[in-house]
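Comments concern the structure below.
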Amino acid sequence: MIDIHSHVLPGIDDGSRNLQMSLAMLRESKEQGVDLMFLTPHFYADSTDPGKFLERRDAAVKNLKEAMKDNPDSYPYILPGAEVHYFRGVGRSEGISRLCMGRSGYILLEPPFRTWTAAFLEDVRQLRDEQDLKVIIAHIERYFDQDRDLVDELLDEPGVYIQSNAEAFLDFFGRRRPLKLLKEGKIRFLGSDCHNMGQRSPNLAAAREVIGKKLGTEVLLQIDRNSLELVEEAR
Ligand SMILES: [Fe+2]
């Protein structure tokens, strides 16, 4: 089991507040069966310098790894990443590939929360075509109220990959569309997007249970293969 979206790193964003909480989140994930987690703190270009962000992130990863040494079998393997919040021009932004998942060419992009326009899709295509990156669209289920045509275009865009949060499958009324997209192979990755041990704690296992029951285990195996491809490139 691979969790490609999490806010486990302590003190970087609105995720884990300290080392102790990070270790608890990792322990809980491992208990749920997660073997590997990408640590993807929020990156906001308007308030953070990419160089400083990476310095802080890498220092936090080092500290966390040090703390994990005491009990290595209790934690999943970890790989660094980032959740890059969309900004106009991201498609042509120099050095944006430094924010990719590990050593891979995959970048986790958080779409705009305000109304989507064609400019957003244009940037996504530029990331793919001009920067040669594989764009992962974060938590697609949060954007189902956006312009239907733009969402559909994104879902069908070749070389653009869709990620869904575990919580999308735990919402009895909301899970219909994510389940349909998963069945159609349009959702490529799952993530917990966990932030803490409270309201937003690791929850991948519960979502997988629902998915397995509703769609069968082959869908989960496909998600695992997709995630493994990302890991192979990232490590
Ligand atoms: Fe996130």
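Note that ligands are numbered from 1 as they come in the structure, with each ligand's atoms numbered from 1 the same way. The residues of the chain are indexed from 1 along the displayed sequence.
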| query | Taking only residues two or more places apart in sequence or in another chain, which ones pass side chain to side chain donor-acceptor pair (under 3.5 Å) with Lys52? | reply |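 Partners of Lys52 under the side chain to side chain donor-acceptor pair (under 3.5 Å) test: none.
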For residues 95-107, which side-chain N or O atoms pair as donor and acceptor with protein atoms under 3.5 Å away, sequence neighbours left out?
residue: Ser104; atom: OG; partner: Met101; partner atom: O; Å: 2.6
residue: Ser104; atom: OG; partner: Tyr106; partner atom: N; Å: 3.0

| request: Walk me through it: do Glu141 and Ser164 pass the test side-chain hydrogen bond (donor to acceptor under 3.5 Å, both in side chains)? | output: CA-CA 6 Å; Glu141 68 280 355; Ser164 192; 2.9 Å; yes
| request: Dump the intermediate steps for side-chain contact (heavy atoms from CB on, under 4.5 Å) on Glu28 and Met25, then the final yes or no. | output: CA-CA 5 Å; Glu28 171 61 24; Met25 291 165 80; 5.8 Å; no
| ring-ring contact (aromatic ring centres under 6.0 Å, His included) pairs, two or more places apart, involving residues 20-56 |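 Found His7-His42, His42-Tyr44, His42-His195, Phe43-Phe53, Tyr44-His85.
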| task | Pull up every protein N/O/S atom sitting under 2.8 Å from the Fe ion (ligand 1), skipping waters. | result |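 The answer, once waters are left aside, is His5 NE2, His7 NE2, Glu83 OE1, Asp193 OD1.
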| message | I'd like to know if Lys213 and Glu209 make a salt bridge, using a cut-off of under 4.0 Å between side-chain N and carboxylate O. | response |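 Salt bridge flag = yes for Glu209 with Lys213.
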